[in-house]
Amino acid sequence: MTATALPTAAALLDLTEEQREIQRLAREFALTEIAPHADEWDRAAHFEKSLVGRLGEAGFLGMLIPEAYDGLGVDTLTYLLALEEIAAVDASTAVLMSVHNSLPTQMILHWGSEGQKQRFLRPMARGEMLGAFALSEPDAGSDAAALRAQARRDGDQWVLDGTKAWVTNGNTADVILVMARTDSASDRKGPRGIGAFIVTPDLPGFGVGKKEDKMGLRASPTVQLVFDGLRVPNENLLGDPGEGFIYAMQSLDNGRLGIAAQAVGIARSALEHAARYAAERRQFGRAIREFEAIQFKLADMATGVTASRALLHAVAAAKDRGESITRFSSMTKLLASETAMWVTTDAIQIFGGYGYMKEYPVERLFRDAKVTEIYEGTSEIQRVVIARELYGP
Ligand code: CAA
């Protein structure tokens, strides 16, 4: 076995010429624009704002947006192939790309007015505006419908009060899709009393709270957002004022595929590093890959990565056929994220003492893998979604 004998995405699927080309472009972009800086950005918890424009110019921020709105308009599989390549080099950049492509842009594309598409979607597709998604709150994580941020109609504006938690790029985004209650305290409608608002940071009452100091994804900023009488014009309300939670849930079906692609990229990278190291590292007079203990680990890791990727690609195809993918999206995120966690753990084991050191790449991959089991719905929530869909409440 050699380190380069890793099964690639192309090994299982007959990719089109365009899919191969975009996959190649993404790999090249990741290796030239990101790889030389990724460790340094991680150590310094530095967000490289210029990367947004460069990702945009390359088309990676408008992948699922039709060409009519300045996007690339590629299919879901092509998008996920590109995302895996970026994640294999830097999971922090991958989350920016995943959130932007899967959540705020898709919400505006599907439920936005023509005016909202012209004003926000076009520049977002070109990477001139970065998107974020604000659903969670300090007391409403897994139980997202329990959110308390309140929106009150005042003439031709909405006034928003509340705090949003763990918002990826909340401090650097130009457009944030914010979910807030539009029902009143005396007439609570649960998940059906939540609206989705297109918020820009220039609006009066918009504030950025605490910036989180995280275990992983350190080059991707995560912040609290604080709304104190935030005034949002009614024209920035997305679709129906009571349907924002449903829009968010439907969008998370796509978002979870993006996080699964991120997890596949992280796991594949850990496998590649471990396989290479096992071929070079000599103990007891031979390369450690010649020991069955290491061979079996690498075999299990390759199997996990391949199975996760295969499910991801199959679900992407089902989505593009217009099928409902809720349970499959949850299964894919669950499998890929838990695989990324044990694969990165085993990669560290293969590296031994070196793997525990920041000097070696698998340490960052291990830290980055963990959050894929948490955000866009924890593994426990994915199991809830799967079980409910298959076997009822
Ligand atoms: N598609 C369409 N509609 C959906 C849906 C989906 N995937 N999921 C739920 N709905 C609808 C339901 O059909 C229901 O509609 P009706 O009123 O017509 O019946 C309504 O939404 C409420 O659904 P539930 O009764 O299932 O709601 P619930 O309160 O029991 O919770 C949950 C559902 C699945 C647990 C949900 O709260 C959930 O997914 N929680 C996890 C939250 C999450 O993923 N957060 C991610 C944060 S964003 C992030 O991490 C981004 C980042 O920056 C990286």
Side-chain angles (χ1 to χ4, degrees), residues 52-53 55-57 59-74 79 96-135 147 149-162 164 167-183 192-207 225 227 229-255:
V52 177
L55 282 164
E57 274 166 33
F60 296 130
L61 296 183
M63 297 201 75
L64 299 173
I65 301 173
E67 288 176 90
Y69 293 105
D70 297 343
L72 281 191
V74 296
Y79 158 57
L96 173 158
M97 191 172 147
S98 177
V99 168
H100 178 94
N101 278 292
S102 304
L103 298 171
T105 51
Q106 289 301 296
M107 288 178 80
I108 297 175
L109 178 66
H110 289 295
W111 299 288
S113 65
E114 190 51 35
Q116 289 168 343
K117 288 178 192 169
Q118 296 296 342
R119 207 167 136 219
F120 300 109
L121 193 59
R122 272 185 190 284
M124 289 171 94
R126 296 193 296 262
E128 292 161 12
M129 280 185 160
L130 179 64
F133 178 82
L135 173 68
L147 67 87
Q150 186 68 50
R152 181 173 50 80
R153 184 77 191 256
D154 182 22
D156 59 358
Q157 296 184 324
W158 290 83
V159 183
L160 269 62
D161 288 288
K164 290 292 172 184
V167 184
T168 300
N169 283 111
N171 57 340
T172 53
D174 307 285
V175 178
I176 303 154
L177 264 290
V178 173
M179 270 47 73
R181 304 217 71 87
T182 48
D183 55 6
R192 296 281 177 182
I194 293 169
F197 297 87
I198 304 174
V199 168
T200 53
D202 58 313
L203 293 173
F206 178 90
L225 293 179
F227 308 138
L230 171 71
R231 294 209 157 252
V232 184
N234 187 45
E235 69 210 35
N236 285 22
L237 171 70
L238 193 81
D240 186 301
E243 293 291 296
F245 181 78
I246 313 294
Y247 302 158
M249 286 296 119
Q250 260 180 264
S251 305
L252 280 167
D253 286 351
N254 302 325

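Using modelled atom types, no side-chain atom of Asn234 and backbone atom of Gln157 make a donor-acceptor pair closer than 3.5 Å. Checking side-chain atoms of Gln118 against main-chain N and O of Gly115 turns up no donor-acceptor pair under 3.5 Å. One N or O on the side chain of His100 and one on the backbone of Met124 form a donor-acceptor pair closer than 3.5 Å.
Atom OG1 in Thr105 sits 6.5 Å away from atom CG in Leu121 (nearest 0.5 Å). Taking CE of Met63 as the reference point, atom OG of Ser102 lies at 11.0 Å (rounded to 0.5 Å). The CE atom of Met129 sits 13.5 Å away from atom CG of Leu61, with the distance rounded to the nearest 0.5 Å. Interatomic distance, Arg119 CZ to Glu235 CD, rounded to the nearest 0.5 Å: 5.5 Å.
Scored by the ring-ring contact (aromatic ring centres under 6.0 Å, His included) test, Phe197 finds Trp158 as partners (sequence neighbours excluded). For Ser251, the side chain to side chain contact (heavy atoms under 4.5 Å, CB included) partners two or more places apart in sequence, or in a different chain, are Leu103, Met107, Trp111. Scanning for side chain to side chain contact (heavy atoms under 4.5 Å, CB included) contacts around Glu57 gives an empty result, with sequence neighbours left out. By the side chain to side chain contact (heavy atoms under 4.5 Å, CB included) test, Ala132 is found to be paired with Val167, Ala173, Ile176, residues two or more places apart in sequence or in another chain being considered. Under the ring-ring contact (aromatic ring centres under 6.0 Å, His included) criterion, Tyr79 pairs with no residue at all, not counting sequence neighbours. In this structure Glu128 satisfies the salt bridge (charged side-chain N to carboxylate O under 4.0 Å, His left out) test together with Arg126, sequence neighbours excluded. Under the salt bridge (charged side-chain N to carboxylate O under 4.0 Å, His left out) criterion, Arg192 pairs with Glu243, not counting sequence neighbours. Here Asn169 pairs with Thr172 under the side chain to side chain donor-acceptor pair (under 3.5 Å) rule; sequence neighbours left out. Taking Glu67 as the reference, nothing meets the side chain to side chain contact (heavy atoms under 4.5 Å, CB included) condition, with sequence neighbours excluded. Evaluation of the salt bridge (charged side-chain N to carboxylate O under 4.0 Å, His left out) rule for Arg231 yields Asp154 as partners, not counting sequence neighbours. Contacts of Phe120 classified as ring-ring contact (aromatic ring centres under 6.0 Å, His included), with partners at least two apart in sequence or in another chain: none. Remark: Asp183 engages Arg181, Arg188 in a salt bridge (charged side-chain N to carboxylate O under 4.0 Å, His left out) (not counting sequence neighbours).
Partner of Leu130 under the side-chain contact (heavy atoms from CB on, under 4.5 Å) criterion, out of Val99, Val52, Leu55: Val52 alone.
In this structure, Leu238 and Ile198 have side chains that are in contact, with non-hydrogen atoms separated by less than 4.5 Å.
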